[in-house]
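Data first, discussion second: the structure below is written as structure tokens.
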Amino acid sequence: MRMKFTFLIMVLCIAWNSAMAQKNSTGSGNWSNTAVVWGGVAPVAANEIHILNGHNVTLDVTLTSVTKIIVELGGVLTLSNDGNNLGVTTTEVFGELVIGALSTVSPKRFNSTNLIIKTTGKVTNNAINAQAIGVTNFTIEGNGWYVHNAVVPSGNGDPTDFPGTNWNFSNSSTVEITAWARSGSSSPNPIPSGGTNGYGNLIVDVGTLGGNWNWKGNVTKIQGDFTVKQTGGSTRYLRLAENNHTFNIKGDLKLNGGRLYPQNGNTHTFNYTIEGDIILDGGYFDLSGGNTNNTMNLNVTGTKVGSEGKLHIKNGTVINPNSSNLEISTFGDIIVESGATLTIYGTSTLSTSKKVNLNIGGDFLIKPGGNFTTFMTGSSSAGKAKISFVGGQKAEADFTPPASFEIWNCNIYIDADKTVQLTESLTSKNNSSSNINEIKVSGTLDLGSNTIRRTVATTYTTFLLEPGASIKTAHSGGLFFDANNNSSAAITLNAARTTFSNHANYIFTGTVNQVTSASLPSPLNGNLVINNTGAAGNNLVKLSKAVEIADTGHLILENGLLDKTTFSINVTNPAVAAVQGGNSHSFVMHELRRATSPSTA
């Protein structure tokens with residue numbers, strides 16, 4: 001009796017081990033082809049079923065209560081027969097799972113409690129009724145990839161069309177949406193949030209929709225890049241939110257096509273942070289979303305490793321057509337390439353209550369053929385756009401406006417400790433006394449040989465060089481137009497609206513003979529720097545008035561000659577360091593008068 005009982009236990013153990021054993025595919029073909037695909041013995045529900053490398057298996061049987069299916073790297077499992085359904089507790093994809101044109105929803109054609117895409121895995125969902133797929137817990141690990149190409153036969157779709165109710169997507173995973181709702185959906189519903197951590201990389205590439213797509217603020221976090229390629233057609237747009245919305249992208253925002261509208265609604269605030277770069281290779285990025293009373297704060301921080309924190313418009317358009325409140329802050333450059341457009345407000349009026357600000361931590365470059373517009377030319381509105389060069393990526397930055405750019409309703413500020421080189425001239429056409437705008441320099445403005453000039457007899461553009469700031473000019477006419485000394489100069493605005501601080505620094509960097517102009521302050525408590533690198537005979541900087549270097553001021557001779565033939569220079573700062581530099585190719589022509597204290601004599 002004891003021997004029979006022992007034998008029975010052995011038989012049961014063998015049966016249990018057989019049921020739970022791993023069952024490997026042996027070839028490619030239909031699941032039902034047992035001889036080829038399973039080596040003559042079909043798997044049972046309790047098996048851990050593996051589709052091995054190099055095997056492409058198509059499900060053509062109905063299986064329910066399967067414990068686990070693992071698609072190995074290099075293996076492919078295809079679910080394309082709507083007459084069969086697969087019910088499984090856990091599906092792990094190291095290789096590829098392809099869901100075909102499944103449409104039956106009861107029972108669901110693919111129902112997996114846990115769907116796990118491994119770092120090498122890819123799942124493509126081509127269901128013609130997205131509700132035919134049932135997943136509870138959806139996980140994408142590492143660099144795993146999910147392609148949502150599923151639609152619905154009627155209606156506007158639903159967030160539940162996307163697999164899962166609990167999501168866990170790694171930072172480097174990718175969700176690519178190539179179809180949504182149905183092609184004729186007039187008001188497509190949003191995708192889901194992507195869970196607590198949001199999506200990894202998110203790609204939107206939907207070719208056809210019947211209406212604009214409103215995500216209603218569902219998506220707030222993207223751990224990688226957000227790439228927009230198509231948004232349902234040439235006139236269809238993707239709107240991210242319609243109420244107050246905070247949106248964080250830890251990677252890049254890439255717009256390759258389509259129309260992206262971050263906002264909608266009325267009197268709402270949208271705070272968007274991109275930790276990488278914004279790169280437009282095409283498409284239309286509308287920052288106002290059709291409403292004049294919203295506020296958009298777009299902050300490009302550059303905190304992503306390897307990024308520059310830049311807004312680079314290679315092709316396409318970034319626009320604020322309805323003149324919402326707008327503030328764009330970049331750690332790095334703003335670059336507009338040939339054929340591309342940046343419009344920071346797009347109506348002919350901007351009320352005094354509005355703000356439109358660019359805070360630039362790098363270069364501001366409008367390449368030849370690029371477009372930067374404010375659409376305010378000829379307006380008497382009191383609203384202003386503000387371009388500020390601030391801290392950020394570059395202590396020294398270039399400002400290249402388009403040749404046609406006019407300072408009208410645009411204020412320009414250069415922060416302390418920031419050097420900005422103007423690589424094209426600026427023009428003021430502002431003739432409205434009710435619409436004064438300004439250029440204020442707290443850091444360093446390097447004009448080179450370029451100019452800031454007026455094109456009307458009376459201009460209401462104010463220029464202010466603040467104490468501690470610096471201005472560099474290589475212009476032969478010096479700082480400011482003076483009919484007695486020069487026919488043109490670096491700055492030709494109205495004298496009454498131009499202020500040069502006597503505590504600022506004045507640096508002459510020409511390669512031809514220059515005059516200082518009579519606007520050079522005296523007494524001067526800042527620095528007068530002669531750094532004219534012209535060849536002998538073309539390296540003079542001629543005083544246009546008598547100048548006193550006083551108190552904390554310095555005369556610094558680096559290159560070129562200071563010509564005081566007509567007007568004198570007197571250094572009354574008694575410090576030894578009040579005069580610096582000087583050599584055989586840089587000196588004061590004729591005598592230099594200076595004072596010294598008894599302690600420094």
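In this chain, numbering begins with 1 at the start of the sequence shown. We use all heavy atoms of the structure for the numbers below, so side chains are in, but hydrogens, waters and symmetry mates are not.
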S307 (side chain) donor-acceptor with G302 (main chain) under 3.5 angstrom: yes

The single option from N201, I278, V204 passing side chain to side chain contact (heavy atoms under 4.5 Å, CB included) against F226: V204

side-chain hydrogen bond (donor to acceptor under 3.5 Å, both in side chains) evaluation trace for D398 with T400: CA-CA 6 Å; D398 291 341; T400 305; 5.7 Å; no

Residue pair S470, I507: steps toward the side-chain contact (heavy atoms from CB on, under 4.5 Å) verdict: CA-CA 7 Å; S470 300; I507 305 166; 4.3 Å; yes

Backbone N/O of N539 and side chain of N513: donor-acceptor pair under 3.5 Å: yes

Non-hydrogen side-chain atoms of Y272 and N297 separated by less than 4.5 Å: no

Parallel, tilted or perpendicular, as decided by the 30° and 60° cut-offs, for the rings of F247 and H245: parallel

Closest contact, heavy atoms only, A490 versus T473: CB-OG1, 3.5 Å

Salt bridge (Lys or Arg N to Asp or Glu O under 4.0 Å), paired with D363, selected from K418, K394, K310: K394

Residue list, side chain to side chain contact (heavy atoms under 4.5 Å, CB included) with T566, at least two apart or on another chain: K542

Modelled atom types, side-chain donor and acceptor of T451 and S425, under 3.5 Å: yes

Nearest non-hydrogen partners of S544 and A518, listed with the distance: CB-N, 3.6 Å

Value rounded to 0.5 Å, distance of CD1 in I414 from CD1 in I387: 11.0 Å

Minimum side-chain heavy-atom gap F480-F500 below 4.5 Å: yes

Pair V219-Y199, side-chain contact (heavy atoms from CB on, under 4.5 Å): steps then yes or no: CA-CA 8 Å; V219 180; Y199 294 90; 4.0 Å; yes

Derivation and outcome, side-chain contact (heavy atoms from CB on, under 4.5 Å), residues T317 and F285: CA-CA 6 Å; T317 298; F285 190 15; over 6 Å; no

Student check: side-chain heavy atoms of L592 and V579 closer than 4.5 Å: yes

Over all atoms of both residues, closest heavy-atom pair of K564 and S568: CE-CA, 4.0 Å

Nearest-0.5 Å distance that lies between atom NE2 in H503 and atom CG in D551: 6.5 Å

pair L555-N573: side-chain heavy atoms closer than 4.5 Å: no

N494 side chain vs R497 backbone, donor-acceptor pair below 3.5 Å: no

Distance-only donor-acceptor check, side chains N527 and H554, under 3.5 Å: yes

CD1-CD1 distance between I249 and I274, expressed to the nearest 0.5 angstrom: 4.5 Å

Between CG on residue L464 and CD1 on residue I439, distance to nearest 0.5 Å: 10.5 Å

Under 3.5 Å donor-acceptor, T572 side chain and I549 backbone: yes

Pairwise distance CD1(I530) to CG(L562) - rounded to 0.5 angstrom: 5.0 Å

Validation row: L479, I471 side chains within 4.5 angstrom (heavy atoms): yes

Main-chain N/O of V541 paired with D563 side-chain donor or acceptor, under 3.5 Å: no

N315 and E337: side chain donor to acceptor below 3.5 Å: no

Under 3.5 Å side-chain donor-acceptor pair for N531 and N559: yes

Test side-chain contact (heavy atoms from CB on, under 4.5 Å) applied to V588 and L557, step by step: CA-CA 8 Å; V588 178; L557 303 169; 4.0 Å; yes

Donor + acceptor pair across side chains of S442, E466 (<3.5 Å): yes

Sub-4.5 Å side-chain heavy-atom contact between T273 and T301: yes

Near-ring test F389/Y413, centroid separation under 6.0 angstrom: no

Step-by-step side-chain hydrogen bond (donor to acceptor under 3.5 Å, both in side chains) determination, N450 to E424: CA-CA 6 Å; N450 295 296; E424 294 285 344; over 6 Å; no

T330 side-chain N/O to G332 backbone N/O, donor-acceptor pair under 3.5 Å: yes

Least distance between heavy atoms, T341 atom then V336 atom: N-CG1, 4.0 Å

Side chain proximity check, E548 to L524, heavy atoms < 4.5 angstrom: no

More than 12 heavy atoms of other groups within 6.0 Å of Q580 CD: yes

Backbone of D277 reached by a side-chain donor or acceptor of K304 within 3.5 Å: no

Flag side-chain contact, heavy atom, 4.5 Å: D333 against F364: no

Whether D225 side chain and D252 backbone form a donor-acceptor pair below 3.5 Å: yes

Qualifying residue for side chain to side chain contact (heavy atoms under 4.5 Å, CB included) with L260, from D286, L253, T231: L253

Matching residue for N256 among T227, L280, V228 - test: side chain to side chain contact (heavy atoms under 4.5 Å, CB included): T227

Taking every non-hydrogen atom, the tightest pair across V515 and F508: O-CE2, 4.0 Å

Other residues, nucleotides, ligands: >12 heavy atoms within 6.0 Å of K254 NZ: no

Atom pair OG (S449) and CG (L447), whose distance is rounded to the nearest 0.5 Å: 9.5 Å

Flag, side chain of N371 to backbone of A340, donor-acceptor distance under 3.5 Å: yes

Side-chain donor-acceptor contact under 3.5 Å, D205 with Q230: yes

Heavy-atom donor-acceptor pair, E438 side chain to I412 backbone, under 3.5 Å: no

Quiz item: cation-pi between R239 and Y261, 6.0 Å / 45°: no

Shortest non-hydrogen contact between W215 and L202, atoms and distance: CH2-CD2, 3.8 Å

